[in-house]
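Below: one structure, written as structure tokens.
Since the model is a prediction, treat every value here as computed from it, not as a measurement.
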Amino acid sequence: MNTTDENYGQTPHPAETTPPSSFASNMKSETEEAKESRVARERERLRWEEEERQRKIEEREKAERERLEAERRALYAELENVDYDLLALLDYPTDHEIYAAKRSRTLWFVALGSALFLFLASLLSLTSPWVGGIAGGLAFVLWLTHGAGMMAYFPSLNRYPQLVMHRKRLKKNLIEYIRNLEGRQGFIHRIYPLAQHNARLGARRFKRLALMSREHTLLANLKTLQDTRAYHEYMVEALRGYKELLQKEKEDAFVQSMDFDPDLLEEQATHPEEAATPPSTAAPTTTEPNTASPQPAAAPTTRPAAQSVEDILNKDS
């Protein structure tokens with residue numbers, strides 16, 4: 001009884017009032033909260049690492065795209081420095097020229113042989129001496145024309161070997177030039193995206209050339225003049241596509257420098273009738289309220305003013 005009287009009105013100590021079961025539950029909740037916080041922090045860390053990884057991947061992909069675009073634009077710029085005259089084989093001798101030169105040389109040999117035969121026949125008394133003398137003089141003149149100093153004055157004698165050598169030299173220079181142009185990685189298959197700006201590059205023969213350039217079998221398949229001519233046409237069409245790309249970029253830059261929306265301009269250009277209809281339909285809506293509103297507004301304002309003036313004059317009189 002005395003102890004209860006002495007502790008009357010005092011708050012009991014928490015340690016004395018908290019049962020053991022509630023203390024264990026509090027400790028358990030604290031450990032669970034700490035565990036959940038660690039899990040949340042770990043989850044946040046993993047999410048941040050994933051975002052950083054994705055950001056680095058995007059940056060690498062963007063840098064790779066920029067590198068490929070810069071490399072592709074450098075390849076496009078090389079199209080302006082290509083020797084199109086060599087690819088076109090403008091100085092390449094035709095078959096008709098080769099045949100004419102060969103025929104002229106054959107006629108020269110026939111004339112020389114005939115003159116020598118007549119001269120020898122005159123020595124054996126098979127023909128008259130004057131025929132042999134004329135034939136001998138003609139053979140001597142013809143033989144002199146074959147000399148190194150006289151061949152320039154008689155192009156029919158040396159034209160055929162010159163044309164043949166010129167053909168071989170042009171073929172060799174062309175193949176060597178294409179080999180240097182293609183390089184180890186190939187050239188024309190890397191500029192094939194210009195087909196987006198020139199639809200002619202989508203032809204099957206051009207696709208075949210680009211595929212051979214990618215597979216490094218182009219030089220082995222350039223065997224005829226048709227193949228080299230197709231290669232030259234491919235380069236010409238690629239140059240046209242590059243010029244079209246530059247022109248399009250200039251036009252886009254010009255439109256962006258203006259103060260209007262380029263998309264709206266394109267819509268008006270593609271649909272001129274729809275772009276012209278809104279002004280005609282909007283005109284009646286703006287004029288009708290203007291014509292109808294002044295009439296009722298003017299009636300109540302002018303009549304009271306007139307009545308007030310008459311009342312004033314009557315009062316003054």
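Under a 4.0 Å N-O distance rule, the pair Arg55/Glu59 qualifies as a salt bridge. The residues Arg67 and Glu71 are annotated as salt-bridged, a charged nitrogen and a carboxylate oxygen being separated by less than 4.0 angstrom. Taking 4.0 Å as the cut-off between side-chain N and carboxylate O, Glu244 and Arg240 do not count as a salt-bridged pair. Note on Glu251 versus Lys248: no salt bridge recorded, every NZ/NE/NH1/NH2 to OD/OE distance being 4.0 Å or above.
Annotation: the span from Ile188 atom CD1 to Arg214 atom CZ amounts to 12.5 Å, rounded to 0.5 Å. For the atom pair Asp85 CG and Asp91 CG, the distance stands at 8.0 Å (nearest 0.5 Å). The structure places CG of Asn198 at 5.0 Å from CD of Glu237, a figure rounded to the nearest 0.5 Å. Taken to the nearest 0.5 Å, the CD atom of Glu80 stands 5.0 Å off from the OH atom of Tyr242. Between Ile178 atom CD1 and Asn173 atom CG the span is 11.0 Å, to the nearest 0.5 Å. Taken from CG in Leu246 to CD in Glu249, the straight-line distance is 6.0 Å, to the nearest 0.5 Å.
One N or O on the side chain of Ser122 and one on the backbone of Phe119 form a donor-acceptor pair closer than 3.5 Å. Side chain of Tyr231 to backbone of Leu218: no donor-acceptor contact under 3.5 angstrom is found. Remark: the backbone N or O of Ala210 is not paired with any side-chain donor or acceptor of Ser213 at under 3.5 angstrom.
At a cut-off of 3.5 Å, with distance as the only test, a side-chain donor of Glu50 or Gln54 sits close to an acceptor on the other residue.
Of the residues listed (His166, Arg167, Lys171, Lys172), the one engaging Arg169 in a side-chain contact (heavy atoms from CB on, under 4.5 Å) is His166, and it is the only one. Applying side-chain contact (heavy atoms from CB on, under 4.5 Å) to Asp227 and the options Leu209, Leu222, Asn221 leaves one that passes, Leu222.
Proximity of Tyr99 to Arg103: side-chain heavy atoms (C-beta onward) are separated by under 4.5 Å at one or more points. Leu174 is not listed as a side-chain neighbour of Tyr92, based on a closest heavy-atom distance of 4.5 Å or more. Residues Tyr234 and Arg205 form no side-chain contact, since every pair of their non-hydrogen atoms from C-beta on lies 4.5 Å or further apart. Residues Glu49 and Leu46 are in side-chain contact: their nearest non-hydrogen atoms beyond the backbone lie under 4.5 Å apart. Here the side chains of Arg47 and Glu51 are in contact, with some heavy-atom distance below 4.5 Å.
Note on ring orientation: taking the six-membered ring where Trp is involved, the planes of Tyr84 and His232 are perpendicular (angle over 60°, cut-offs 30° and 60°).
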Under the criterion side chain to side chain contact (heavy atoms under 4.5 Å, CB included), I'd like the reasoning laid out for Met235 against Leu181: C-alpha separation, chi angles, the key distance, then a yes or no. CA-CA 11 Å; Met235 300 297 290; Leu181 188 62; 4.0 Å; yes

Side chain to side chain contact (heavy atoms under 4.5 Å, CB included) between Glu61 and Arg65, worked out: CA-CA 6 Å; Glu61 291 178 353; Arg65 287 194 299 269; 3.7 Å; yes

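More than 12 heavy atoms of other residues, nucleotides or ligands shown are found within 6.0 angstrom of OH on Tyr177. Heavy atoms of other residues, nucleotides or ligands lying less than 6.0 angstrom from CZ of Arg72 number more than 12. In Arg43, the CZ atom is not crowded: 12 or fewer heavy atoms of neighbouring residues, nucleotides or ligands sit closer than 6.0 Å.
Shortest non-hydrogen contact noted between Ala238 and Leu79 is O-CD1, 3.7 Å. The two residues Ala220 and Lys223 have their closest heavy-atom pair at O-CE, 3.1 Å.
Linking ILVMFWY side-chain heavy atoms closer than 4.5 Å, directly or via other members, places Leu120 and Ile134 in two distinct hydrophobic clusters.
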